[in-house]
There are 2 protein chains.
Amino acid sequence: MSTNEFPPFAVTVDLLVATVRDNALSVLLITRGVEPFLGAPALPGGFVHINESAEQAAHRELLEETGLAHFAGHLEQLGTYSTPDRDPRMRVVSVAYVALAPHLPDPQAGTDAAQAMWCRADDLPALAFDHDQVVADGLERIRAKLEYTTLAVTFVSEQFTIRDLQTVYEVVWGITLDRANFRRKVLGTPGFVVAVDGITVPTGPRGKPAQVYRRGPATVLRPPILRPI
Amino acid sequence: MSTNEFPPFAVTVDLLVATVRDNALSVLLITRGVEPFLGAPALPGGFVHINESAEQAAHRELLEETGLAHFAGHLEQLGTYSTPDRDPRMRVVSVAYVALAPHLPDPQAGTDAAQAMWCRADDLPALAFDHDQVVADGLERIRAKLEYTTLAVTFVSEQFTIRDLQTVYEVVWGITLDRANFRRKVLGTPGFVVAVDGITVPTGPRGKPAQVYRRGPATVLRPPILRPI
DNA sequence: ACAAAAGTGTTTTCCATACACCCATGT
DNA sequence: ACATGGGTGTATGGAAAACACTTTTGT
């Protein structure tokens with residue numbers, strides 16, 4: 001094949017930004033302002049520039065959409081979607097990314113992210129392009145990764161309690177877990193979490209204050225915390 | 001952003017074709033016949049055509065490189081590699097795929113695949129482009145997926161023994177496993193393998209003939225077969 | 001005192017490991 | 001007979017599930 005003739009493609013990134021808020025797994029959606037799918041909900045994203053990698057484009061778009069100066073969460077590639085007719089305008093290949101973050105401030109009107117909104121993962125509208133598939137793949141990726149990585153800590157703020165972490169698992173998986181056993185699994189994994197001195201936080205109107213933790217250096221969970229069948 | 005102006009990219013697929021042969025995990029390499037990296041070993045691959053998906057391109061290239069009419073193994077997307085300088089000629093985004101297959105016939109001279117060769121995964125030369133990274137990522141994907149999926153069956157022929165399956169695990173992971181316990185794990189997972197009537201095969205010059213199995217309908221392993229630490 | 005939530009203990013069940021043993025076959 | 005490799009049994013240690021219990025706080 002000649003190196004001087006190749007089919008030209010547009011390359012975009014799509015972002016599945018997920019967080020836990022109001023006891024629900026939520027994703028960030030935008031309302032499309034241009035054709036095609038004008039007015040329809042979709043995942044945020046944009047074109048990859050000629051001098052940046054897809055990962056850099058994803059990070060750039062992430063800052064633009066959230067309106068933040070820095071992104072403290074987790075960003076990983078999900079997969080590439082390339083069916084020839086996925087965009088009616090032209091031939092587009094899209095690299096999808098999953099971003100996990102603690103509860104972010106709501107999108108502010110007047111910024112680039114004004115059209116952005118959080119939407120519960122269990123109550124999503126139909127999305128533009130093949131974004132329904134991207135979301136389905138991404139949510140399954142998140143649910144699976146909680147089993148064998150320490151990724152749940154990216155959903156809570158810098159300081160958190162064991163209960164906060166358990167809530168992440170329960171909300172993402174849509175189940176309830178035994179408090180005592182969950183606690184033992186987390187504390188039994190070296191480097192998952194580390195206690196912050198003797199600091200505790202009140203736990204509502206009543207109840208014993210809870211020990212505060214930060215994330216530890218571990219990234220994988222051996223053995224994994226498996227979802228019930 | 002205007003829909004009429006976007007940076008044009010070339011999109012390619014790279015193939016990590018893996019098999020188990022001679023008690024070693026091996027990958028298919030080609031020798032590059034054009035610049036850049038002329039004469040260097042590399043992963044097979046090629047441009048995505050304008051009217052096909054990346055997955056279709058990967059499947060097409062797979063048949064071309066192996067010289068087979070059909071591909072019976074497993075093909076899955078690994079990830080997309082898009083650093084701006086990964087190809088000195090132009091801006092190329094490459095979607096990498098992992099293909100798992102039982103022991104394929106050696107590439108035949110005189111075909112498109114004449115330049116292809118099998119190379120042990122533990123003794124690979126330096127590769128063109130960022131293919132070293134692709135191989136590293138792909139091998140780790142394969143090793144991890146043997147833990148919680150039934151993917152090992154794609155490395156053996158249609159009919160196989162439990163011992164054949166164990167050899168796949170041992171070769172891919174580079175360890176030895178207890179025969180009795182491995183057997184119980186496999187047979188204890190419903191749908192992993194199904195016995196073929198009362199058919200057995202001799203096991204060399206001596207020894208009891210072994211029961212023959214085919215792959216079953218299961219795709220996930222619950223609980224997983226974890227690698228030793 | 002009581003309610004609420006953190007934190008600990010205990011029992012039971014199950015699974016993984018290690019290793020011994022039996023079975024069927026060809027030389 | 002015996003070596004070889006498939007197939008089975010079993011004792012033991014440890015983890016996981018279920019659930020009772022204790023501790024610490026605010027009202």
Side-chain angles (χ1 to χ4, degrees), chain A residues 23 146-148 156-157 159-171 173 175-190 192-214 218 220-229, chain B residues 23 146-148 152 156-157 159-171 173 175-190 192-214 220-229:
Chain A
N23 281 332
L146 287 202
E147 289 189 315
Y148 56 94
V156 295
S157 45
Q159 298 204 350
F160 55 89
T161 65
I162 301 285
R163 190 55 156 133
D164 294 333
L165 209 54
Q166 182 177 343
T167 299
V168 170
Y169 275 89
E170 291 181 334
V171 163
W173 286 348
I175 58 171
T176 58
L177 296 171
D178 184 274
R179 210 164 37 85
N181 296 331
F182 179 81
R183 168 182 207 68
R184 266 186 291 263
K185 280 176 177 172
V186 171
L187 296 180
T189 302
F192 193 171
V193 298
V194 289
V196 179
D197 294 340
I199 296 186
T200 58
V201 289
T203 58
R206 265 172 263 274
K208 180 175 171 178
Q211 173 65 49
V212 167
Y213 295 85
R214 294 181 202 264
V220 293
L221 282 184
R222 305 279 297 200
I225 301 177
L226 295 178
R227 285 173 276 187
I229 307 164
Chain B
N23 281 331
L146 287 201
E147 290 189 314
Y148 56 94
V156 295
S157 45
Q159 299 204 349
F160 56 90
T161 66
I162 301 286
R163 189 58 153 130
D164 294 335
L165 209 54
Q166 182 177 343
T167 300
V168 169
Y169 275 89
E170 292 181 334
V171 163
W173 286 348
I175 57 171
T176 59
L177 297 172
D178 183 274
R179 208 163 41 83
N181 296 331
F182 179 81
R183 166 180 208 72
R184 265 187 291 263
K185 280 177 178 172
V186 171
L187 296 179
T189 303
F192 194 171
V193 298
V194 288
V196 179
D197 295 339
I199 296 185
T200 59
V201 290
T203 58
R206 266 173 264 274
K208 180 174 172 180
Q211 174 64 50
V212 168
Y213 294 85
R214 295 181 201 265
V220 295
L221 282 183
R222 307 278 299 203
I225 301 178
L226 296 178
R227 286 173 275 187
I229 310 164

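A, B, ... follow the sequence lines: proteins, then strands. Residue 1 opens every chain. Atoms considered below: every heavy atom in the structure, side chains included; atoms not considered: hydrogens, waters and symmetry mates.
Protein atom CD of B:Gln211 is 7 Å distant from nucleotide atom P of D:dG7, rounded to whole Å. Distance, A:Leu226 CG to D:dA17 C1': 14 Å, rounded to whole Å. Note: CD1 (A:Ile175) to P (D:dA18) measures 11 Å, nearest angstrom. Whole-Å rounding puts the A:Leu177 CG to D:dA16 P distance at 13 Å.
Contact detail for A:Gly188 and A:Pro190: the closest heavy-atom pair is O-CD, 3.3 Å. For A:Val220 against A:Thr189, the heavy-atom pair with the smallest separation is O-CG2, 4.5 Å. When all heavy atoms of A:Pro228 and A:Ile175 are compared, the closest pair comes out as CD-CD1, 3.4 Å.
Listed by residue number, the members of residues 182-189 of chain B with any heavy atom below 4.0 angstrom from DNA chain D are B:Arg183, B:Arg184.
Rounded to 10 degrees, the angle separating the terminal axes of the helix from C:dA1-D:dT27 to C:dT27-D:dA1 is 10°, with each axis obtained from five end pairs.
B:Tyr213 is not listed as a side-chain neighbour of B:Leu165, based on a closest heavy-atom distance of 4.5 Å or more.
Salt bridge annotation for B:Arg163-B:Glu170: present, with a cationic side-chain nitrogen under 4.0 angstrom from a carboxylate oxygen.
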Residue pair A:Val156, A:Thr167: steps toward the side chain to side chain contact (heavy atoms under 4.5 Å, CB included) verdict: CA-CA 10 Å; A:Val156 295; A:Thr167 299; over 6 Å; no
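Contacts between chain A and DNA chain C, taken as any atom within less than 4.0 angstrom of a protein heavy atom, begin and end at C:dA3 to C:dT10.
Partners of B:Arg214 under the salt bridge (Lys or Arg N to Asp or Glu O under 4.0 Å) rule, at least two apart in sequence or in another chain, are B:Glu158. In this structure A:Arg222 satisfies the salt bridge (Lys or Arg N to Asp or Glu O under 4.0 Å) test together with B:Glu147, sequence neighbours excluded. Evaluation of the side-chain hydrogen bond (donor to acceptor under 3.5 Å, both in side chains) rule for B:Asp178 yields B:Asn181 as partners, not counting sequence neighbours. With sequence neighbours left out, the ring-ring contact (aromatic ring centres under 6.0 Å, His included) criterion links B:Tyr169 to B:Trp173, B:Phe182. The side-chain hydrogen bond (donor to acceptor under 3.5 Å, both in side chains) check on B:Gln159 picks up nothing, with sequence neighbours excluded. In this structure, the side-chain hydrogen bond (donor to acceptor under 3.5 Å, both in side chains) partners of B:Thr161, at least two apart in sequence or on a different chain, are B:Asp164.
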Which atom pairs, donor and acceptor, lie under 3.5 Å between side-chain atoms of residues 193-201 of chain A and protein residues at least two apart or in another chain?
none

Using the 3.5 Å cut-off, write out each protein N or O paired with an N or O of nucleotides 3-5 of chain D and the distance between them.
{"from": "D:dT4", "atom 1": "O2", "to": "B:Gly207", "atom 2": "N", "distance (Å)": "2.9"}

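Residue-level contact check: A:Pro223 touches the backbone only, with heavy atoms under 4.0 Å from sugar-phosphate atoms and none from bases.
Heavy-atom nearest nucleotides on DNA chain D were determined for B:Thr161 and for B:Asn181, and the one closer to the 5' end corresponds to B:Thr161.
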